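Computed from a predicted model, the values in this text were never measured in an experiment. No hydrogens, no waters, no symmetry mates; every other heavy atom, side chains included, goes into these values.
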Amino acid sequence: MATDTLKSPAGTGGSAGPGGLRRLLLDNGALTALIVLVVALSALSGDFLTADNLLNIGVQAAVTAILAFGVTFVIVSAGIDLSVGSVAALSATVLAWSATSEGVPVALAVVLAVATGTACGLVNGLLVSYGRLPPFIATLAMLSVARGLSLVISQGSPIAFPEPVSRLGDTIGGWLPVPVLVMVALGLITAFVLRRTYLGRSMYAIGGNEEAARLSGLRVGKQKIAVYALSGLFAAAAGIVLASRLSSAQPQAAQGYELDAIAAVVIGGASLAGGTGKASGTLIGALILAVLRNGLNLLSVSAFWQQVVIGVVIALAVLLDTARRKAGATPVVAGAGAGAGGGPGRGRGRGRQAATYLLAAVVATAVVGATSLLHGSAQTAAQQRIGLSLSTLNNPFFVQIRAGAEAEAKRLGVDLTVTDAQNDASQQANQLQNFTSGGLASIVVNPVDSDAAGPAVQAANRAGIPVVGVDRGVSNAKTAALVSSDNVEGGRLGARALAEKLGGEGTIVILQGQAGTSASRERGAGFAEGLKAYPGIRVVARQPADFDRTKGLDVMTNLLQAHPDIDGVFAENDEMALGAARALGSKAGTSVQVVGFDGTPDGLKAVEDGTLYASVAQQPRELGRIAVGNALRAAAGEKVSATVKVPVKVVTGENVAGFGG
């Protein structure tokens, strides 16, 4: 039985029989798919198959691949690790925080970051091996804990990365990216561990049939701890590489990367049932995802369709995994073992499930009853409670809105509850529904998506709770007021500043914000309107980067392959502008002029340094202050203006020193 289990993995050399042959064909199918993608995209875009662009693909695949190498260990041993994205962000945050805020030597800070990732993996392994938690639950818990600790340490703001470590995001000789070298090195280590070490052989044995591995003398519990520790270590390496590319540790970085990592492993031929998988297949899977995103950017495909394509690829990968298992490539030994003890085990499982449901019902009843009593006794207090739902706190602009709102709430003696939607529209809808059911006096919302926020705001309308929008409007629902900067005028000012700096002639690209938000629409409309006065300025590309610095870096890098000789960039916020400047390198502020929007501290610092030519500066603290004041007045039944516009101002190197925000 143990022999059959060890023969099944194609990666270990045992591919005899029809099942092994089919698996081999499916594994080669991933490589075939990659080749077909490269050929197709090369035919569709003449800028795709160039040395520079291929290196860009390698850089963009690096973080996902490094994460996926660690996840490969886990999946081969029939586990799952959903925490790698959060662990990557936490490790990078620990490095930046310890090296900058705490003055720890950079070398020691790197060790601390790696130790942090490894420790998170060890905790996962202990919970799975000795806590008997399912890997899904254990790593899901770590996903939340690691992300929360990252936010606590950083207070929701990006932290500058130490200069020596930032060089990991640079190139050697001006052309060979260091992240690619790190990816290749860790890929070789992964292959060596899987194929040449006792631990690697143990992973295949445990994944093929855990009970058989245990009966064969393997210390399964300790092996699993080592497997998850390796996954955490690789996640830390990925976090450091990602943060080095951005020159800052972003507490919300790598969000959703765990799904890309798992997809890369499965696309590369590993089975979610365990027992199969190899480093080369994982690398191919990561490259397929990177090639897709890169090619779709070059082809100016809508961000919506990009999501559709990526989703289809992931779905196909799972279908391949299902086909692989149905083909009989993995011996069904574990199933027999389960069947032997299935009766009592199933009975105990059902008993525990029934007990869980009963406990949940009791807790729910108690919470509802207590809430009803408290609501009745705290009706008056609720009149002075305001909720503020922000689209994200991983952006200095929104952190300053919160600071202004909290200062005004404290001055007015109001109880302000602040939530972070983490750029997730569904999560924000839940938060707004919670505010509504909590009977707050009023709600202030900064929508992730103006349309998506509509239904939840409608529910607040029906409950008689006034809603005030801040920075972005809400579609298809009633708001008592919208407190925002004059985004249209700001767009006009940005167009004029960039066009005059270019002398009225040149080619530019536009990095758009998150689709569906009023801020993106208005800034884009104002910029287009302002640009009409300068017919010599030609827009050669428009691509969304979702107000995110990482996406701004990647999208700008891709666009430079198709348009290497651009003269200017307009980004609809400073985070994207900073990402674009990073992609431009020495060109930013010299041969290419970059204009951002928001006037964040990082943006103004870049203006002062000459990396950005200008930022259309808002007053985010003032936005937060006015929004809370209007929300309180609306709750009291007082009349408030439907629209409150806070002035904006173009800040350049000439006036940045005197700009007080």
Geometric class of the Phe527/Phe570 ring pair [parallel <30°, tilted 30-60°, perpendicular >60°]: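 Rings of Phe570 and Phe527: parallel, under 30°.
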Would you say [X]'s side chain and [Y]'s backbone share a donor-acceptor pair under 3.5 angstrom?
| X | Y | result |
| --- | --- | --- |
| Asn461 | Lys478 | yes |
| Asn395 | Phe397 | yes |
| Arg582 | Leu553 | no |
| Gln431 | Asp420 | yes |
| Arg293 | Ile57 | no |
| Asp574 | Thr600 | yes |
| Gln60 | Ala290 | no |
| Asp598 | Asn573 | no |

Residue Glu500 excluded, over 12 heavy atoms near CD under 6.0 Å: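 Yes, enclosed.
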When rounded to the nearest 0.5 angstrom, what distance separates [atom1] in [X] from [atom2] in [Y]?
| X | Y | atom1 | atom2 | result |
| --- | --- | --- | --- | --- |
| Ser154 | Gln250 | OG | CD | 9.0 Å |
| Ser442 | Ile465 | OG | CD1 | 8.5 Å |
| Lys645 | Leu623 | NZ | CG | 10.0 Å |
| Asp554 | Thr550 | CG | OG1 | 7.0 Å |
| Leu578 | Leu246 | CG | CG | 10.0 Å |
| Gln561 | Leu55 | CD | CG | 9.0 Å |

Taking the side chain as everything from C-beta on, heavy atoms only, tell me whether [X] gets closer than 4.5 Å to [Y].
| X | Y | value |
| --- | --- | --- |
| Met556 | Ile566 | yes |
| Leu440 | Ile386 | no |
| Val418 | Leu390 | yes |
| Val445 | Gln428 | yes |
| Glu575 | Pro396 | yes |
| Leu67 | Asp260 | no |
| Leu242 | Tyr257 | yes |

Electrostatic pair Lys649-Asp486, nearest N-O below 4.0 angstrom: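 A salt bridge is absent here (no side-chain N lies under 4.0 Å from a carboxylate O).
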Asp602 bridged to Arg549 by N-O distance under 4.0 Å: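 Salt bridge present between Asp602 and Arg549.
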Of Arg496, Arg523, Arg492, the residue whose pairing with Glu529 passes salt bridge (Lys or Arg N to Asp or Glu O under 4.0 Å):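 Considering Arg496, Arg523, Arg492, a salt bridge (Lys or Arg N to Asp or Glu O under 4.0 Å) with Glu529 is found only for Arg492.
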Exercise: identify the closest heavy-atom pair between [X] and [Y]:
| X | Y | value |
| --- | --- | --- |
| Ile537 | Ala499 | CG1-CB, 4.1 Å |
| Ser244 | Gly169 | OG-N, 3.3 Å |
| Ala519 | Phe547 | CB-CZ, 4.5 Å |
| Pro601 | Gln400 | CD-NE2, 2.9 Å |
| Val38 | Leu49 | CG1-CD1, 3.9 Å |
| Ala68 | Ala261 | CB-O, 3.6 Å |

